[in-house]
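Everything below concerns the one structure shown next.
Just so it is clear, the values below take in all heavy atoms, side chains as well, and ignore hydrogens, waters and symmetry mates. Since this is a predicted model, take the numbers as computed values, not measurements.
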Amino acid sequence: MKILGIDIGGSGIKAAIVDTQNGELLTERHRIKTPKPATPNAVSKVVKEMVKYFDWKGAVGCCFPTIIVDGQCKHHGNLSKEWLDVKVNEIFEKECEENAFYISNDADLAGIAEVNLGAGKGIKGKVIVITLGTGIGSGLFYDGQLIPNLELGHIYHTNGEIIEKFAADSARKRENLSLEEWAKRLDIFLRHVKILHTPTMYILGGGISKKYDKYKDHLTVDVPIEVAKFKNNAGIIGAAIFASKKGEK
């Protein structure tokens, strides 16, 4: 089944048409910068531009970088505060009249791709998918089943700020950290999450996952770590799979 998957992030909005049976991208990935400020109206215009770019009519799966419950935004995350309580699927459908939108949390959907077709396929127990970018996304799966809206990036750090301000990839870029310096911060986060959740496996995604071999030796947490098979495309692929399953119901 072919579905358009869109991944809305704090810095970029990416999309491609996906074969939901095998996770293959059937088109080149297209990226548009996330508007600043990332208000509902501004993001909706970019989503419409993306749909038009692919000349897509039909269902669209969409990652959103914060808590989503039944299509409704429950926290503004790294976007605009105007998103709070907005029904994201409805605002996108109003902008794109020929499309039905299926929206969920970005890390949850990246995890759906990895658990169904990637690094977490067939793994029993508790798998936590961590996406590293502007923030820290997290998806929790038990025996392959999603337990939605786990927001580990919002754990408080010792300075009273949420830990993604300390350990997300954006912190590495903002503070000009070496991979070693940043990996030690990520390790602090992963070790703390181990105490809270005792995962069977971590799956690391996001753009920085491509450099895993360059920083893996600085991670000391004693939980098996796998890199997302689909790397930074996991969200796009998971969004498409999510839409295909929702559309069948």
Side-chain angles (χ1 to χ4, degrees), residues 1-10 12-18 20 23 34 38 40 43-44 46-47 50-51 56 58-80 83-96 99-118 120-121 127-154 164 203 205-206 228 230 232-249:
M1 188 174 185
K2 299 177 183 179
I3 296 282
L4 178 64
I6 300 179
D7 185 355
I8 295 173
I13 297 174
K14 307 177 290 288
I17 297 173
V18 178
T20 59
T34 302
V43 172
S44 296
V46 174
V47 168
M50 193 69 82
V51 169
W56 185 255
V60 179
C62 190
C63 291
F64 203 76
T66 188
I67 302 165
I68 296 289
V69 178
D70 295 328
Q72 186 175 40
C73 180
K74 294 297 185 180
H75 189 274
H76 57 81
N78 290 304
L79 301 178
S80 164
W83 280 105
L84 192 61
D85 294 327
V86 167
K87 286 281 284 187
V88 184
N89 60 314
E90 290 180 2
I91 195 170
F92 288 172
E93 286 168 2
K94 184 177 180 181
E95 193 69 41
C96 308
N99 306 97
F101 280 81
Y102 299 93
I103 317 287
S104 195
N105 172 265
D106 54 353
D108 286 352
L109 295 188
I112 283 175
E114 291 299 324
V115 166
N116 279 271
L117 299 171
K121 185 176 181 180
V127 173
I128 296 181
V129 179
I130 302 292
T131 57
L132 299 158
T134 304
I136 295 177
S138 50
L140 175 62
F141 294 80
Y142 188 79
D143 287 351
Q145 296 298 308
L146 172 65
I147 301 169
N149 293 313
L150 180 74
E151 287 289 323
L152 294 176
H154 285 253
E164 67 179 25
I203 299 175
F230 300 112
N232 209 23
N233 291 331
I236 292 172
I237 295 164
I241 294 171
F242 178 73
S244 70
K245 290 183 176 181
K246 287 290 185 179
E248 290 171 356
K249 292 182 179 180

Side-chain atoms of residues 87-96: list all donor-acceptor pairs with protein atoms under 3.5 Å, sequence neighbours left out, distances to 0.1 Å.
{"unit_1": "Lys87", "atom_1": "NZ", "unit_2": "Asp70", "atom_2": "O", "d": "2.6"}
{"unit_1": "Glu93", "atom_1": "OE2", "unit_2": "Phe101", "atom_2": "N", "d": "2.9"}
{"unit_1": "Glu95", "atom_1": "OE2", "unit_2": "Lys45", "atom_2": "NZ", "d": "3.3"}

- Shortest non-hydrogen contact from Ala113 to Ile237? CB-CG2, 3.9 Å
- Considering non-hydrogen atoms only, spot the tightest contact between Gly235 and Cys63 and give its length. O-SG, 3.0 Å
Report all side-chain donor-acceptor pairs from residues 132-146 shorter than 3.5 Å, counting only partners two or more places apart or in another chain.
{"unit_1": "Ser138", "atom_1": "OG", "unit_2": "Leu150", "atom_2": "O", "d": "2.4"}
{"unit_1": "Ser138", "atom_1": "OG", "unit_2": "Leu152", "atom_2": "N", "d": "2.9"}
{"unit_1": "Asp143", "atom_1": "OD1", "unit_2": "Gly125", "atom_2": "N", "d": "2.7"}

- Task: Locate the shortest heavy-atom distance separating Leu4 from Ala15; write the atom from each residue and the value.
- Result: CD1-CB, 4.3 Å
- Item | Heavy-atom side-chain contact between Val47 and Ile8 under 4.5 Å | yes
- Task: Using modelled atom types only, decide if a donor and an acceptor are shared between the side chain of Asp108 and the backbone of Asn149 within a distance under 3.5 Å.
- Result: yes
- Applying side-chain contact (heavy atoms from CB on, under 4.5 Å), run through Ile6 and Ile13 and close with a yes or a no. CA-CA 7 Å; Ile6 300 179; Ile13 297 174; 3.8 Å; yes
- Message: Under the criterion side-chain contact (heavy atoms from CB on, under 4.5 Å), I'd like the reasoning laid out for Lys245 against Thr20: C-alpha separation, chi angles, the key distance, then a yes or no.
- Response: CA-CA 10 Å; Lys245 290 183 176 181; Thr20 59; over 6 Å; no
- Task: Hey, could you give me the CD1/CH2 distance between Ile67 and Trp83, rounded to the nearest 0.5 Å?
- Result: 15.0 Å
- Do Asp85 and Gln72 touch side chain to side chain, with heavy atoms closer than 4.5 Å? yes
- Item | Leu109 versus Cys62, closest heavy-atom pair with distance | CD1-O, 3.6 Å
- Task: Check Ile68 against Cys73 and note the closest heavy-atom contact, atom names and distance.
- Result: CD1-CA, 3.8 Å
- Message: As a quick check of understanding, evaluate side-chain contact (heavy atoms from CB on, under 4.5 Å) for Glu151 and His75, giving each step before the final call.
- Response: CA-CA 11 Å; Glu151 287 289 323; His75 189 274; over 6 Å; no
- Return yes if some donor-acceptor pair links the side-chain N/O of Asn99 with the main-chain N/O of Trp56 below 3.5 Å, else return no. yes
- Query: Tyr102 and Ala59: which non-hydrogen atoms are nearest, and at how many Å?
  - Reply: CE1-CB, 3.9 Å
- Between Thr34 and Gly9, is there a donor-acceptor pair closer than 3.5 Å when you use the side chain of the first and the backbone of the second? yes
- Message: Among Ile3, Ile236, Ile241, exactly one meets side chain to side chain contact (heavy atoms under 4.5 Å, CB included) together with Val18. Which residue is that?
- Response: Ile236
- Please report the C-alpha distance between Phe230 and Leu117 in whole Å, then the side-chain angles of each, then the deciding distance to 0.1 Å, and finally whether the side-chain contact (heavy atoms from CB on, under 4.5 Å) criterion is met. CA-CA 9 Å; Phe230 300 112; Leu117 299 171; 3.8 Å; yes
- Taking atom CE of Met50 and atom CG of Asp7, what is their separation to the nearest 0.5 Å? 9.5 Å
